[in-house]
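Numbered from 1 within each chain, the chains take letters A, B, ... in sequence-line order. Not measured: the values here are computed from a predicted model.
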Protein chains: 2
Amino acid sequence: MRPSKRDELVEKALLVFYRHGFHATGMDKLVAETGISKTSMYKHFSAKEDLILAALTLRDKQFRRWLFRRMEQLGSTPRGQLIAMFDGLKEWFAQEGFQGCLFMKAAAEYQKFSDPIHMKSAGHKSILIGYFSDIAQRAGAVDPDSLARRLLLLKEGAIVAAQLGITKNPAMDAKAAAKILLADALGQ
Amino acid sequence: MRPSKRDELVEKALLVFYRHGFHATGMDKLVAETGISKTSMYKHFSAKEDLILAALTLRDKQFRRWLFRRMEQLGSTPRGQLIAMFDGLKEWFAQEGFQGCLFMKAAAEYQKFSDPIHMKSAGHKSILIGYFSDIAQRAGAVDPDSLARRLLLLKEGAIVAAQLGITKNPAMDAKAAAKILLADALGQ
DNA sequence: CCTTATATTAACTGATCAGTAGCTTTACTT
DNA sequence: AAGTAAAGCTACTGATCAGTTAATATAAGG
């Protein structure tokens with residue numbers, strides 16, 4: 001029942017899932033890497049799916065905290081914050097262990113809409129849209145939801161491009177595009 | 001050595017990989033579904049990786065043929081063709097078995113840049129950028145490569161959004177954004 | 001008809017998959 | 001110190017993983 005131990009397991013699992021994928025990561029491997037025994041692992045998480053969901057929950061919290069804070073730090077106005085998101089993405093892409101978006105990968109491996117893992121992944125993205133929309137509204141957008149959806153497309157596209165390594169600087173491509181979309185949406 | 005038999009195997013494998021993922025699809029399952037024996041399968045493809053690469057090659061050809069033709073059919077001018085891409089995407093998203101982009105999923109499951117599967121997936125996207133760039137040039141864009149990269153971001157973002165089901169009509173969101181980007185890039 | 005090369009087969013390899021059974025250690029209560 | 005309950009462990013389950021072995025069916029060439 002010690003929460004810290006469980007959290008530690010989730011943290012480690014998150015890293016391994018991110019690095020190697022979900023199906024490719026066996027419970028045995030996780031058990032070996034965490035040093036815990038199999039039975040203890042299954043006392044904390046009744047099935048692999050539980051562990052995956054816990055890892056996604058942690059990542060959701062981590063990522064949102066990081067992104068939102070970075071947007072606030074780098075942008076002084078609502079419009080500036082939306083643009084600053086792409087500067088944040090650039091930093092993320094440059095990080096050593098960057099391997100794309102965990103939620104995308106989770107949804108790719110667990111494809112059914114009804115799958116809890118898929119739902120959790122979709123939920124994360126929906127929260128982001130809501131957040132973008134709030135800022136877009138404060139920025140004075142006529143249709144903040146629409147702008148938020150467009151910016152999300154750029155963000156997701158940039159992540160894909162970065163993960164595949166097909167363009168040199170997808171974050172800045174997205175940023176340039178975002179500026180144009182913002183100019184349109186904010187009527188200036 | 002009969003090519004038709006091999007092609008038949010690749011076609012079936014493509015479907016199963018697309019539906020269930022790569023790691024989640026065992027060779028035994030493919031063997032069972034195709035009716036062929038294990039040894040025959042391994043005579044055609046010396047390893048699972050070979051089969052995956054063959055499936056990606058087929059999909060690359062299939063998808064490009066379909067998309068490029070649809071763009072030509074739906075758009076009469078270079079600019080119109082670029083916009084028509086998103087109408088094509090909308091049709092694709094609405095197809096019954098749509099489950100996102102196979103190359104994205106392949107790259108998500110085989111993450112190392114040096115992995116042949118990852119390289120093949122990245123190659124597909126690179127070809128698309130080149131194609132978009134050619135059209136952008138004919139459309140009169142000042143920086144056709146830059147425009148092509150931006151449109152790719154929208155396309156990939158729309159695919160992710162459609163796969164996760166987070167927005168109602170990602171193709172049309174992307175189309176609206178593309179029109180704005182085109183207006184900017186074509187100076188009108 | 002007989003030989004030889006090619007396809008195809010079922011049955012197997014050791015490794016790994018997710019998950020469990022049964023026993024031992026630890027830690028807390030009295 | 002004795003009793004109790006939680007948490008730990010090793011060792012196992014049957015299923016499935018990718019890939020192979022050795023034997024059988026099929027075909028063409030002499």
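M27(A) places its CE atom 17 Å from the C1' atom of dT10(D), with the value rounded to the nearest Å. I52(B) places its CD1 atom 9 Å from the P atom of dA18(D), with the value rounded to the nearest Å. If you take CG of D28(B) and P of dT13(C), they are 15 Å apart, rounded to a whole angstrom. A straight line from CZ of F45(A) to P of dT20(C) spans 16 Å, rounded to a whole angstrom. For the pair K48(A) NZ and dG19(C) P, the computed distance is 8 Å after rounding to whole Å. Rounded to an integer number of Å, the gap from H20(B) NE2 to dT16(D) P is 14 Å. Rounded to a whole Å, the CG atom of L9(B) is 14 Å from the P atom of dA7(C). Atom CZ in F22(A) sits roughly 20 Å away from atom C1' in dT16(C) (whole-Å rounding).
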Donor-acceptor pairs under 3.5 angstrom involving side-chain atoms of residues 107-114 of chain B: please list them, not counting sequence neighbours.
from: E109(B); atom 1: OE1; to: H23(B); atom 2: N; distance (Å): 2.9
from: E109(B); atom 1: OE1; to: H23(B); atom 2: ND1; distance (Å): 2.7
from: E109(B); atom 1: OE2; to: F22(B); atom 2: N; distance (Å): 3.1
from: Q111(B); atom 1: OE1; to: K105(A); atom 2: NZ; distance (Å): 2.6
from: Q111(B); atom 1: NE2; to: Y18(A); atom 2: O; distance (Å): 3.1
from: Q111(B); atom 1: NE2; to: R19(A); atom 2: O; distance (Å): 3.0

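Contacts of residues 34-43 of chain A with DNA chain C (heavy atom under 4.0 Å): K38(A), T39(A), Y42(A).
Once rounded to the nearest 0.5 Å, the distance linking NZ of K90(B) with CG of D173(B) reads 10.5 Å. Atom-to-atom distance recorded for L56(A):CG and H124(A):NE2 is 9.5 Å, nearest 0.5 angstrom.
T25(A) comes within contact range of the sugar-phosphate backbone alone, with a heavy-atom separation under 4.0 Å but no base atom that close.
A salt bridge links D60(A) with R64(A): at least one charged nitrogen is closer than 4.0 Å to a carboxylate oxygen.
Between dC17(D), dA18(C), dG8(D), one nucleotide has an atom nearer to the side chain of H44(A) than all others, and that is dG8(D).
In this structure, M119(A) is not a member of the same hydrophobic cluster as F17(A), with clusters built from ILVMFWY side-chain heavy atoms closer than 4.5 Å.
R70(B) has its side chain out of reach of W92(B): every pair of non-hydrogen atoms, C-beta onward, lies at least 4.5 Å apart.
Looking at which nucleotide of DNA chain C each of S46(A) and K29(A) is closest to, the 5′-most match is held by K29(A).
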inquiry  = Using the rule given for side chain to side chain contact (heavy atoms under 4.5 Å, CB included), can you reason through R150(B) versus D184(B), listing the C-alpha separation, both sets of side-chain angles and the distance that settles it, and then say yes or no?
reply    = CA-CA 12 Å; R150(B) 291 173 190 176; D184(B) 173 86; 4.1 Å; yes

